[in-house]
Amino acid sequence: MPLRFAPDSAEALDLHIIEQGGAYAWAEAYPDHVRAWIDASGFDGAIGDSLLVPAADGRPMAALAGFGTPGTRRRQRFVLASVAPRFAGLTLRVASGLPEDRAEIEALGWLLAGYGFSRYRDQSPKVGALCAPDGVDAARVETLAEAEALTRDLINTPAADMGPEALEAATRRLAEKFGASLDATTGEALLEKNFPMIHAVGRAAAQAPRLLDLRWGETGPTLTLVGKGVCFDTGGLNLKPGSSMGLMKKDMGGAANVLGLAQAIMALGLKVRLRVLIPAVENSVSSESFRPQDILTSRKGLTVEINNTDAEGRLVLADALALADEERPDLMISMATLTGAARVAAGPDLAPFFATEPGIADALGRAAGPAADPVWQMPFHEPYETMIEPGIADLDNAPSGGFAGAITAALFLRRFVTDTPRYAHFDIFGWQPSAAPGRSKGGLGQGPRAILGALPELLDL
């Protein structure tokens with residue numbers, strides 16, 4: 001179902017947003033039976049409270065939605081999304097109570113409450129139809145919702161239907177939709193064009209590894225997005241236990257997030273020269289698998305000792321980052337479901353990121369709140385550089401010791417970005433463990449709205 005606003009009409013029911021404890025003050029402008037109805041219902045404006053208010057003839061004359069208190073709102077990303085299912089079958093128009101600074105994000109949350117992954121069976125939730133609130137750029141909000149839906153759909157699709165070939169096909173559809181170009185380097189051509197680590201990680205799979213290179217835009221600053229596209233991660237010869245393999249269809253969540261972000265950038269027509277690089281592979285087990293203690297030579301010329309084949313995401317990203325770095329873009333951002341250590345540090349709800357310049361982090365931090373897309377800066381802590389230097393090769397892909405795994409992975413990636421001063425790396429989860437308002441259980445965008453909101457400052461758009 002398209003995530004779009006309803007056209008405004010005379011039949012739309014007025015929706016009043018009520019802060020907790022404010023229901024009686026709102027009812028003072030209405031006949032006595034309205035207050036009696038509120039008394040009988042127990043509606044007090046808490047988050048999740050909803051109420052249809054009848055006219056004297058019994059037909060609904062208004063709808064009420066609880067908006068909680070400033071304190072309770074800080075605990076929930078999309079407040080109004082919690083009541084969207086309560087008004088299924090109705091069309092609503094916001095009539096009062098929605099703060100101007102919350103209007104866009106609450107409208108987005110309402111649209112996202114209508115998302116369901118329905119490729120294999122219809123899971124579309126039943127929610128009320130909302131007219132675009134006054135002052136909200138409806139086209140922009142719909143664009144954000146559609147970008148998030150693309151990201152979720154890609155992550156939610158299992159690897160049987162979202163291998164490297166299907167990920168390329170999805171990227172190609174996106175390129176064709178917006179008039180972008182797409183080049184794919186596949187299989188043995190990766191060796192010919194000097195992407196040896198992408199080839200090494202993906203060569204054991206039935207579907208050939210590939211590097212996808214999308215370009216769009218002819219004017220403006222240069223922005224390069226790099227997304228980890230490991231369509232399924234068995235762990236390779238360091239095979240994951242079954243309990244750790246259950247969510248590995250989401251290991252291409254970095255690719256899904258940069259594609260959702262790219263779709264939003266193109267749909268909004270931002271004046272940038274956009275490049276998207278996705279190393280698309282499956283980390284499988286066969287006689288062709290790369291092995292522990294192998295030493296790989298990267299595109300950058302750095303040698304990498306393989307101490308765990310389950311630390312493969314940083315290998316494929318390294319070759320893609322090295323390629324991106326050769327053009328010295330004005331801003332480079334990588335996104336990956338890279339380390340369990342990032343989840344331990346920040347949990348599933350925050351998107352940890354690393355940045356080479358304070359201005360990048362500051363801009364992302366300022367944009368994250370209004371976008372309802374929380375991020376958290378972590379450090380490129382240089383004293384840990386020795387942890388990724390094994391001695392026998394330039395770099396170690398899986399340092400021993402068990403400490404600072406997200407930081408050492410980020411430091412590893414930074415070794416491949418030597419000529420581009422402005423670089424940020426996101427180590428995301430890409431998954432909503434349990435359903436929440438506006439966020440169905442499953443694939444999730446983490447970081448793209450914060451990045452999108454920061455781009456005008458970061459690239460002087």
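Quick note: numbers below take in every heavy atom, side chains included, and nothing from hydrogens, waters or symmetry partners. This structure is a prediction, so every number in the text was calculated from the model and none was measured. If you read the sequence from its start, that first residue is 1, and numbering goes on from there.
- When every heavy atom of R328 is checked against every heavy atom of T222, the shortest pair comes out as O-OG1, 4.4 Å.
- In this structure, the side chain of S118 engages the main chain of Q123 through a donor-acceptor pair within 3.5 Å.
- Remark: E305 CD to E389 CD distance equals 12.5 Å, nearest 0.5 Å.
- Interatomic distance, S124 OG to L3 CG, rounded to the nearest 0.5 Å: 9.0 Å.
- With hydrogens and angles disregarded, no donor-acceptor distance shorter than 3.5 Å links the side chain of T420 to the backbone of R422.
- Side-chain N or O atoms of D161 include none that pairs as donor or acceptor with a backbone N or O of P158 at under 3.5 Å.
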- Pair R215-D183, salt bridge (Lys or Arg N to Asp or Glu O under 4.0 Å): steps then yes or no: CA-CA 9 Å; R215 291 181 185 266; D183 179 65; over 6 Å; no
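- Contact check on R73 versus E19 returns a salt bridge, with a Lys/Arg side-chain nitrogen under 4.0 Å from an Asp/Glu carboxylate oxygen.
- Put simply, the side chain of E357 never gets that close to the backbone of G359: no donor and acceptor are under 3.5 Å apart.
- Remark: I407 CD1 to R414 CZ distance equals 11.5 Å, nearest 0.5 Å.
- Annotation: side chain of L444 is not in contact with side chain of I155 (no heavy-atom distance under 4.5 Å).
- A cation-pi arrangement is absent between R203 and F290 under the rule of less than 6.0 angstrom and at most 45 degrees off the ring axis.
- Here the side chains of I278 and L259 are in contact, with some heavy-atom distance below 4.5 Å.
- With D427 contributing its side chain and P352 its backbone, the two residues share no donor-acceptor pair below 3.5 Å.
- Here the side chain of S82 pairs no donor or acceptor atom with the backbone of P437 at under 3.5 angstrom.
- Taking NZ of K177 as the start and CD of Q263 as the end, the distance is 4.5 Å to the nearest 0.5 Å.
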- Task: Apply side-chain hydrogen bond (donor to acceptor under 3.5 Å, both in side chains) to the pair D394 and T303, showing each step before the final yes or no.
- Result: CA-CA 5 Å; D394 293 315; T303 55; 3.1 Å; yes
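- Taking every heavy atom of both residues into account, R93 and D8 meet most closely at NE-OD1, 3.0 Å.
- Counting only distance, with no hydrogens or angles, the side chain of K240 and the backbone of M248 share no donor-acceptor pair below 3.5 Å.
- Taking 4.0 Å as the cut-off between side-chain N and carboxylate O, E218 and R273 do not count as a salt-bridged pair.
- In this structure a side-chain-to-backbone donor-acceptor pair under 3.5 Å is missing from T143 to A264.
- Checking side-chain atoms of N397 against main-chain N and O of N308 turns up a donor-acceptor pair under 3.5 Å.
- Atom CG of residue L317 and atom CZ of residue R314 lie 9.5 Å apart, to the nearest 0.5 angstrom.
- At least one donor-acceptor pair closer than 3.5 Å links the side chain of T234 to the backbone N or O of N283.
- Salt bridge annotation for R77-E106: absent, with no cationic side-chain nitrogen under 4.0 angstrom from a carboxylate oxygen.
- When all heavy atoms of L452 and L270 are compared, the pair lying nearest together is CD1-CD1, 3.9 Å.
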- When you look at K300 and E326, which way does the salt bridge (Lys or Arg N to Asp or Glu O under 4.0 Å) test go after all the steps? CA-CA 10 Å; K300 201 78 166 179; E326 292 163 14; over 6 Å; no
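- Scanning both residues, A371 and I105, for their nearest heavy atoms gives O-CD1, 3.1 Å.
- In this model, a donor atom of one side chain and an acceptor atom of the other lie less than 3.5 Å apart for Y115 and D153.
- S298 and D319 form no side-chain donor-acceptor contact under 3.5 Å, judged by distance and modelled atom types alone.
- In this structure, the side chains of D373 and P448 come closer than 4.5 Å at one or more pairs of heavy atoms.
- Counting heavy atoms from C-beta outward, L112 and E148 have side chains that approach closer than 4.5 Å.
- The shortest side-chain heavy-atom distance between M332 and D325 falls under the 4.5 Å cut-off.
- Between P209 and V201 the shortest side-chain heavy-atom distance does not fall below 4.5 Å.
- Using modelled atom types and a 3.5 Å distance limit, the side chains of T151 and N257 yield no donor-acceptor pair.
- For R439 and D349, the salt-bridge test passes: some basic side-chain N is under 4.0 Å from an acidic carboxylate O.
- Shown here for N307 and A398, the closest heavy-atom pair between the two residues is CB-O, 3.9 Å.
- For S334 and K228, the side-chain atoms include no donor-acceptor pair closer than 3.5 Å.
- Just one residue in the list L323, L191, T185, L211 forms a side-chain contact (heavy atoms from CB on, under 4.5 Å) with I198, and that residue is L211.
- Below 30°, between 30° and 60°, or above 60°: for F426 and F353 the angle between ring planes is below 30°, a parallel geometry.
- Two residues are said to be in side-chain contact when any heavy atoms from C-beta on lie closer than 4.5 Å; I265 and L455 meet this criterion.
- Note: L174 CG to R172 CZ = 11.5 Å, rounded to the nearest 0.5 Å.
- With ring centers used as reference points, F416 lies under 6.0 Å from F412.
- Judged by the 6.0 Å distance and 45° axis criteria, R152 is not positioned over the aromatic ring of F117.
- Between W110 and A129, the shortest heavy-atom contact is NE1-C, 4.4 Å.
- Looking only at side-chain heavy atoms (C-beta outward), L338 and H425 come within less than 4.5 Å of each other.
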